[in-house]
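Throughout, a chain's letter reflects where its sequence line sits, starting with A, and its residues are numbered from 1.
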Protein chains: 2
Amino acid sequence: MKFSTRSEYGLRAMVVLAGIQDKSPLSLRQIAEQERISEQYLEQIFMDLRKAELVQSVRGAYGGYYLARDPADITVKEILEVLEGPIFHYECLSADGQGCSFKEGPCLVQVVWRKMQESMTDILQGMNLQGLQEGIYE
Amino acid sequence: MKFSTRSEYGLRAMVVLAGIQDKSPLSLRQIAEQERISEQYLEQIFMDLRKAELVQSVRGAYGGYYLARDPADITVKEILEVLEGPIFHYECLSADGQGCSFKEGPCLVQVVWRKMQESMTDILQGMNLQGLQEGIYE
DNA sequence: ACTATATCCTACTGCTTTACTAGGAATAAG
DNA sequence: CTTATTCCTAGTAAAGCAGTAGGATATAGT
């Protein structure tokens, strides 16, 4: 029960980008060196971040990536959902309230998943890139 | 980011055991049928639960399993830690405060893992088998 | 035009984990 | 002695994880 390295690397790289004031692009090579991450692995991660429109790219020499939006407006939840898939999604918890598929009646365990999901959502939504970069969370 | 079926099955089976008043053992066959789970898979899960001394077993005909302690005294956290391994354990968060290995100085991202871990621990520790079985959590 | 530096994209690979299945030994009740 | 059950090991197909490899495309500077 932990996040994958994709999430960790991606989040760390995004915090680095949040530390840059202007919109000049930063290359993956620089980020990878600074954070000691495989550059090619980071490329794949950033393809997903770009498709999710969390970063924008500049191709060619002196190119790289920059944040697509204000760092204070990008939540950790958004990033992790892109890199990790839905956080604690269970069919159990679907909106139509169909309940568990395995038997009739309510599942006595689904309340555990729901509480986890609610709490995770709150925490991750309450943290954004600017806050992380400034280290204001404690 | 979700718990494995091991955790789900194990937790559901434990709730079933919590619904039995006396200490008469319930066989895995009965639990497996009721919960629509593979009996042999459930066996493996219960080997771990027994080794962790959360359940006790009675071998032979009319044997089975029963809870080793009062259901109000067995938390969801204990069960999930047995079946899933440590919840959100990161080297980052070790007590010695060594910090992240990947670079000097504090990791700006570890606060995310820590907050997750703290919240998870609180929630899972606050729910026990009796409460789940009675459906008191909402 | 040419070169160096980037992103972009696909494919592959070794490893681990997951969710089981198979088969048998040991134990106990009737 | 049969039946029901736990106990234990091994195997296995599929998926996921954490990368690596190699090339196509785009752009800045010379």
Could you tell me how far apart [X] ([atom1]) and [N] ([atom2]) are, to the nearest whole angstrom?
X	N	atom1	atom2	result
B:L42	C:dC20	CG	P	11 Å
A:Q56	D:dT27	CD	C1'	17 Å
A:I45	D:dT20	CD1	P	12 Å
A:K2	C:dT17	NZ	C1'	14 Å
B:Y41	C:dT18	OH	C1'	6 Å
B:D48	C:dT18	CG	P	12 Å
A:L28	C:dC9	CG	C1'	14 Å
B:M47	C:dA26	CE	P	16 Å

Residue [X], side-chain atoms from C-beta onward, closest of [options]:
X	options	value
B:S27	C:dC9, D:dT5, D:dC7	D:dT5
A:Y9	C:dA19, C:dA6, D:dG19	D:dG19
B:Y62	D:dC7, C:dA29, C:dT5	C:dA29
B:R59	C:dT27, C:dC9, C:dC20	C:dT27
A:A61	D:dC8, C:dT5, C:dT21	C:dT5
B:K51	C:dC9, D:dA18, D:dC8	D:dC8
B:Q40	D:dT20, C:dT7, C:dT21	C:dT21

Less than 4.5 Å apart, side chain to side chain, heavy atoms only: is that true for A:E8 and A:R12?
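They are in side-chain contact.
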Using side-chain heavy atoms (C-beta onward) and a distance below 4.5 Å, is A:R50 in contact with A:Q56?
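No - every pair of side-chain heavy atoms lies 4.5 Å or more apart.
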Is it the case that the base of C:dC9 and the side chain of A:Q44 share a donor-acceptor contact (distance under 3.5 Å, atom types as modelled)?
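In this structure, the two groups form no donor-acceptor pair.
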Salt-bridge present (A:E138, B:R114; N to O < 4.0 Å)
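B:R114 and A:E138: salt-bridged.
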Electrostatic pair A:E33-A:R29, nearest N-O below 4.0 angstrom:
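No, no charged N to carboxylate O under 4.0 Å.
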Can you see if the side chain of [X] gets near the phosphate of [N] - specifically, an N or O under 4.0 Å from OP1 or OP2?
X	N	answer
B:R50	D:dC8	yes
A:S38	D:dG19	no
B:Y66	D:dT6	no
B:S57	D:dC7	yes

For a quick check under 3.5 Å, do A:T5 and A:Y41 share a side-chain donor-acceptor pair by atom type?
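Yes, a side-chain donor-acceptor pair sits under 3.5 Å.
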Answer with base, sugar-phosphate or nothing: what part of the nucleic acid does B:F3 contact at a heavy-atom distance below 4.0 Å?
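Answer is nothing: B:F3 stays at 4.0 Å or more from every strand.
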Taking any heavy-atom pair under 4.0 Å as a contact, classify B:F46: base, sugar-phosphate, or nothing.
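If one applies the 4.0 Å heavy-atom cut-off, B:F46 turns out to touch nothing in the nucleic acid.
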Hey, which of these two, A:E39 or B:T5, hits DNA chain C nearer its 5' end, going by closest nucleotide?
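Between the two, 5'-proximity favours A:E39.
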Nearest-nucleotide 5' precedence on DNA chain D, A:E43 against A:V58
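Comparing both residues, the 5'-ward one is A:E43.
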Is there a donor-acceptor pair under 3.5 Å between the side chain of A:Q117 and the backbone N or O of A:F88?
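Answer holds: yes.
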